[in-house]
Every structure is written in C-alpha cells, then in structure tokens.
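Order of the sequence lines fixes the chain letters, A, B, ..., with proteins taken first and strands second; residue numbering starts at 1 for each chain.
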There are 2 protein chains.
Amino acid sequence: MTTTTRGFATIQQRDLVNQIADMLTEALLKGEFAPGVHLAEAQLARDFGVSRAPVREAARLLESRGMLVSQPRRGFFVRTFNADELDDVYDLRLCLERHAIRLLAGKLTAAMEAALSHQLETMRQVARDGTAVQQIEEDVAFHRMLCEFSGNQRLVRVFDELCHEMRFCILLIGQLYDDPLRVADTHEPILEALRTRSPDAGEAALDYHIGVAQQRVVEMFRERAKG
Amino acid sequence: MTTTTRGFATIQQRDLVNQIADMLTEALLKGEFAPGVHLAEAQLARDFGVSRAPVREAARLLESRGMLVSQPRRGFFVRTFNADELDDVYDLRLCLERHAIRLLAGKLTAAMEAALSHQLETMRQVARDGTAVQQIEEDVAFHRMLCEFSGNQRLVRVFDELCHEMRFCILLIGQLYDDPLRVADTHEPILEALRTRSPDAGEAALDYHIGVAQQRVVEMFRERAKG
DNA sequence: CATCCTCAAACTGTCGACACTCGACAGTCG
DNA sequence: CGACTGTCGAGTGTCGACAGTTTGAGGATG
C-alpha cells in the first residue's frame with residue numbers, strides 16, 4: 001500500500017492487460033472454461049469490450065504462467081493437466097520448500113516466527129468459519145512465507161508459479177479439505193521444527209505434510225479424469 | 001511450407017514474434033544492450049522492419065524469461081542483475097539438480113548413462129578445440145540431461161529458465177573457464193556417483209561442482225559490478 | 001457408406017494510426 | 001534564486017482493418 005505525502009492512496013491505474021489477465025484467471029479458476037477449450041481472441045475482446053491487442057497480451061501472460069498454451073496460427077487453449085504433470089508440480093514444490101526450510105532453519109528471527117505463528121492462527125480461524133477458497137489461500141500463504149523467509153527471491157517466484165498451477169488443478173477438483181482444522185494443525189510440526197532450528201526435522205515434517213496433500217490431490221485428480 | 005507466386009519454396013516463415021525474441025535474446029547475450037537500458041518499441045520495430053505489435057509480444061516473452069522488465073507506461077528495460085540475485089539463481093539451480101540426481105539415481109538406465117558419458121566426451125572435445133560459448137552450452141547440456149532424466153518435466157522447465165539467466169550473467173562477465181578441460185573433468189564424479197546408484201555421493205559431487213562454479217561466477221560478477 | 005474436394009466462415013498474425021501519458025526544459029512568479 | 005507551471009517531443013496503450021490460414025460443413029465421387 002503506497003501513499004502520497006498527503007496520505008492519499010495512489011491511484012491504481014492498472015492497464016487493461018492486467019485487468020483482463022486477472023479476469024481470465026478468475027474465470028479459469030472458477031472452471032468457466034473447460035480444459036483444452038479454444039479461446040478466441042475476438043470473442044474475448046467482444047466480451048470484455050476491448051480490442052484484441054490487450055487480450056492477446058493477457059493471454060501471453062497466462063501462457064507464461066502455464067494456464068494457457070498457444071499453437072501457432074491456432075491461438076490459445078486452456079491448459080490441460082494430467083495427473084502426472086500435477087504430480088511433477090507437487091514434487092518440485094516439495095523440493096523447493098525443503099530447500100527453503102533448510103535455509104530458514106539457520107536464520108529464523110523472532111519476527112519471522114511470530115509471523116508464521118500468526119499465519120497458522122489465521123488458518124485455524126478460516127478453518128472454522130471461512131470458505132474453501134480462503135482456506136486454500138491461507139494455506140498457500142503459510143508456505144509462501146517459508147519461501148520468502150528463506151531469503152531466496154528467485155525461489156519465491158518459482159513457488160508462485162507452481163501455486164498458480166496447483167490452484168488451477170485444485171479448484172478443478174472441487175472441494176479439497178475434508179477436515180480443514182486438522183489440515184491447519186498439520187502445519188504445527190513444521191513450525192515446531194523451525195523453533196528448534198532443526199533442518200532435518202523440518203524436512204521430515206514437510207515431507208509428511210506435503211506428501212499427504214500430494215497423494216490426496218493427485219489421486220482425486222486422477223479419479224476426476226476417469227469419471 | 002508456403003510458396004511464393006513464382007513457386008519457389010520459401011523458408012519456413014516462423015512467427016515474427018519468435019524470430020524477434022530470438023534475435024533480441026542473441027543481442028542481449030552478446031551484450032549489445034547495457035543492463036538497465038530502455039528498449040523503445042518503435043525503434044526496435046524499425047530495426048527489424050516490422051510493426052510494433054510483434055515486438056511488444058516478443059518483449060513480453062523475454063520479460064517472462066526474466067531478461068527484460070517492464071514498467072507501466074514506460075516500456076521495457078534490460079534486466080539488471082546484482083550479485084545477490086545471481087547467487088539466488090545458483091542456489092536454486094543446485095536445489096533442483098540435487099533433487100534431479102536423487103530421482104535419477106534410482107532409475108538410471110543404460111541408455112541414460114551412455115548419453116551422459118557421450119555428453120561428457122563432447123564436453124572434453126569442445127574443451128580442446130571449441131569456443132567459450134560452445135563450452136558453456138555443452139556444459140549446460142550435461143546438466144540439463146540430469147534434469148531431463150529425472151523424469152520431472154516441470155523441473156526441466158525451471159532449469160531452463162535459470163539457465164537463461166545464468167547465460168545472461170556469464171556472458172556479461174566475459175570469459176569464464178580458465179581451464180575448460182579441467183572443468184569438464186569435474187563432471188566425472190557426478191556421473192560416477194550415478195553409476196554406483198548413490199544419491200548421497202551424487203549430491204556431494206554436485207554440491208562441490210556447482211558450489212565452485214557459483215563461487216567463481218558470483219565473485220567475478222561482483223568484481224565486474226565494482227570496476 | 002466412406003473418402004475426398006470445395007468453399008465459406010472464423011480466426012490469427014500483422015500493420016498503421018491515434019490518444020494519452022511521461023519526462024525534460026524553458027519560462028513565470030514569488 | 002528557487003519553486004511552480006506550461007509546453008513539447010518521445011513513447012506506450014489501444015484500436016480497427018486487412019491478409020493469409022485453419023476449420024468444418026456440405027456436396028461430389030468412388
């Protein structure tokens with residue numbers, strides 16, 4: 001949140017490209033476009049009431065995020081995931097977070113610990129009275145903090161990319177957590193390992209935590225593909 | 001394959017966007033644009049003899065690859081790296097390759113081993129009578145194989161992104177290897193560890209190999225920034 | 001009935017044009 | 001002399017249009 005010297009919030013003059021990208025992203029996450037379907041630029045441009053140029057650029061943006069794919073002279077299509085690709089995403093995510101927690105264990109500050117604790121509390125809160133989307137977002141936010149606090153910004157960027165793809169798949173599945181409060185609790189061992197500055201315990205906790213999620217999500221995704 | 005009215009087979013007309021992206025990439029890697037410099041769309045369009053639209057899209061592509069950055073209403077600028085960012089890239093790369101070699105150790109086939117051996121031989125060849133660029137490319141190719149053979153395609157994609165950035169920095173530095181043949185040889189322990197299916201030895205070999213490169217490259221980069 | 005061909009509609013790739021914004025510079029006022 | 005304002009050129013954001021390509025339907029053909 002930036003402010004001027006007078007305290008006004010700066011005018012957020014976002015360009016059309018980002019607005020369109022956000023709206024497309026939202027639509028994709030809501031499942032309004034079936035995987036593999038063709039997105040016609042002209043049609044989208046009409047829908048948004050703009051010309052094709054910004055739509056094209058927004059589509060390129062989403063392509064770079066792995067949500068769309070393009071074929072020359074044929075245009076953009078909604079990215080299709082198969083269970084193996086999703087498995088790769090989780091595998092890579094685990095790789096990143098293990099690394100992050102190993103780095104973090106050696107440099108955890110009181111402020112970081114407080115932030116993580118607070119985030120865990122937020123997760124428990126939305127586990128009780130929040131939507132499924134909120135639960136997922138707060139969950140992601142916790143893991144993102146681990147990456148941020150690791151100090152490797154490049155790692156955070158990749159993590160964000162992977163999250164986009166995971167969200168995409170998860171919201172295709174529909175509801176994810178059967179017992180959100182229990183899911184929130186399974187983050188406690190990770191934080192506990194960090195408190196004791198133990199990278200090995202941290203890795204182990206992560207392995208378990210993400211492994212369970214991976215198994216569950218990929219399995220559900222595989223089922224959905226059949227049905 | 002398109003043909004002219006005269007019936008001559010014309011060169012496969014690749015997308016302008018990709019052609020421009022490739023030429024821009026090449027120019028960037030050659031250091032023809034100083035880091036931080038502003039790239040004017042209209043000027044580039046004139047240089048390439050095309051309109052601004054494909055230039056814009058190519059620039060977006062390079063932005064997603066981390067070689068350019070854009071500011072709203074101001075356009076595209078050549079990405080500036082600082083030594084810390086480069087350090088992050090190497091750190092992440094090591095993280096990926098460690099994971100790859102761990103996966104690979106459990107599934108190495110004879111064909112994979114042969115391919116890696118062959119690549120190592122190629123590296124020795126260009127170490128004797130190749131250019132610095134060739135040496136770097138064959139080196140990268142070896143490491144890329146490790147990622148590919150790991151079986152995680154998503155990991156390969158991230159590796160490729162990181163390589164783009166590393167090339168970008170390395171060719172900014174200028175010459176890298178003082179003794180290319182020795183550098184090629186330091187890949188042998190990695191392959192040897194794989195032959196014995198030992199993930200731990202593989203990680204250790206990688207840690208050493210990449211650690212040395214990281215230290216050297218980042219150090220040289222830091223020096224260059226001062227001088 | 002299956003296959004090939006023709007053709008029109010739809011769509012993408014590219015272009016040139018216009019409006020608006022940003023930054024620099026000179027001029028004005030206190 | 002310093003700060004503010006008006007103006008101007010450069011450059012981006014967006015648009016509508018055109019040309020060539022892809023697609024799919026429907027008819028012709030074996």
Side-chain angles (χ1 to χ4, degrees), chain A residues 2 4-6 8-25 27 33-64 67-80, chain B residues 1-25 27 33-34 36-64 67-80:
Chain A
T2 58
T4 66
T5 51
R6 292 267 179 97
F8 290 127
T10 54
I11 299 168
Q12 194 89 287
Q13 60 161 354
R14 304 177 40 221
D15 50 355
L16 281 183
V17 174
N18 284 323
Q19 287 187 55
I20 295 170
D22 286 351
M23 294 174 93
L24 275 180
T25 300
F33 300 105
V37 79
H38 179 222
L39 295 186
E41 294 171 10
Q43 185 59 51
L44 291 175
R46 275 191 295 276
D47 293 345
F48 289 124
V50 299
S51 75
R52 279 173 50 216
V55 172
R56 272 180 80 88
E57 296 199 20
R60 288 251 181 224
L61 198 60
L62 293 189
E63 183 186 17
S64 76
M67 305 184 71
L68 300 180
V69 294
S70 73
Q71 293 179 29
R73 298 253 163 221
R74 301 205 39 221
F76 293 91
F77 300 81
V78 179
R79 160 84 179 274
T80 61
Chain B
M1 187 73 69
T2 58
T3 56
T4 67
T5 52
R6 293 253 180 114
F8 292 123
T10 55
I11 301 160
Q12 172 83 18
Q13 181 84 7
R14 295 180 45 217
D15 264 287
L16 278 184
V17 174
N18 284 324
Q19 286 186 56
I20 295 170
D22 287 351
M23 294 173 90
L24 274 180
T25 300
F33 299 104
V37 80
H38 179 224
L39 296 185
E41 295 172 10
Q43 184 59 50
L44 290 175
R46 274 192 295 275
D47 294 344
F48 290 125
V50 298
S51 74
R52 279 173 49 215
V55 172
R56 272 178 81 89
E57 295 199 18
R60 287 248 183 225
L61 198 59
L62 266 57
E63 182 186 18
S64 76
M67 306 183 71
L68 300 181
V69 294
S70 73
Q71 294 180 30
R73 296 268 169 208
R74 303 214 30 224
F76 293 91
F77 301 80
V78 179
R79 161 82 179 274
T80 61

Which angle, to the nearest 10 degrees, lies between the helix axes at the two ends of the helix from C/dC1-D/dG30 to C/dG30-D/dC1, each defined by five pairs?
20°
Under a 3.5 Å cutoff, is there a donor and acceptor pairing between the side chains of A/Asp47 and A/Gln43?
yes
Rounded to whole Å, please give me the gap between CZ in A/Arg46 and C1' in C/dC11.
10 Å
Here the distance between atom P of C/dT12 and atom CD of A/Glu63, to the nearest Å, is 13 Å
Spatial distance of atom CD (A/Glu41) from atom OG (A/Ser51) [nearest 0.5 Å]
10.0 Å
State whether A/Glu57 and A/Arg60 are salt-bridged, where the test is any N-O pair (Lys NZ or Arg NE/NH1/NH2 against Asp/Glu carboxylate O) under 4.0 Å.
no
When rounded to whole Å, the CG to P distance for the pair A/Leu44 and C/dA10 reads 16 Å
Any residue in residues 48-59 of chain A with a heavy atom nearer than 4.0 angstrom to DNA chain C? Just list them by number, or reply none.
A/Arg52, A/Arg56
Rounded distance [0.5 Å steps], CG in B/Leu62 versus OG in A/Ser64
12.0 Å
Do B/Leu24 and B/Leu61 touch side chain to side chain, with heavy atoms closer than 4.5 Å?
no
What I'd like to find out is whether the side chain of A/Leu39 reaches to under 4.5 Å of the side chain of A/Phe33, using heavy atoms alone.
yes
Without decimals, in angstroms, what is the distance between B/Leu61 CG and C/dG13 P?
13 Å
Side-chain contact, heavy-atom cut-off 4.5 Å: A/Phe76 with A/His38?
no
Whole angstrom value for the distance that separates C1' of D/dG13 from CD of A/Gln19:
13 Å
Between D/dG11 atom C1' and B/His38 atom NE2, what is the distance in whole Å?
7 Å
Please work out if B/Leu39 contacts a base, only the sugar-phosphate, or nothing of the nucleic acid, heavy-atom cut-off 4.0 Å.
sugar-phosphate
Between C1' on D/dA19 and CG on B/Asp15, what's the gap in Å once rounded to a whole number?
15 Å
Test item: A/Leu68 and A/Arg79 side chains (from C-beta on) under 4.5 Å apart, heavy atoms:
no
Roughly, in whole Å, what's the span from CD in A/Gln43 to P in C/dA9?
18 Å
Would you say B/Arg73 places a side-chain N or O within less than 4.0 Å of OP1 or OP2 belonging to C/dC20?
no
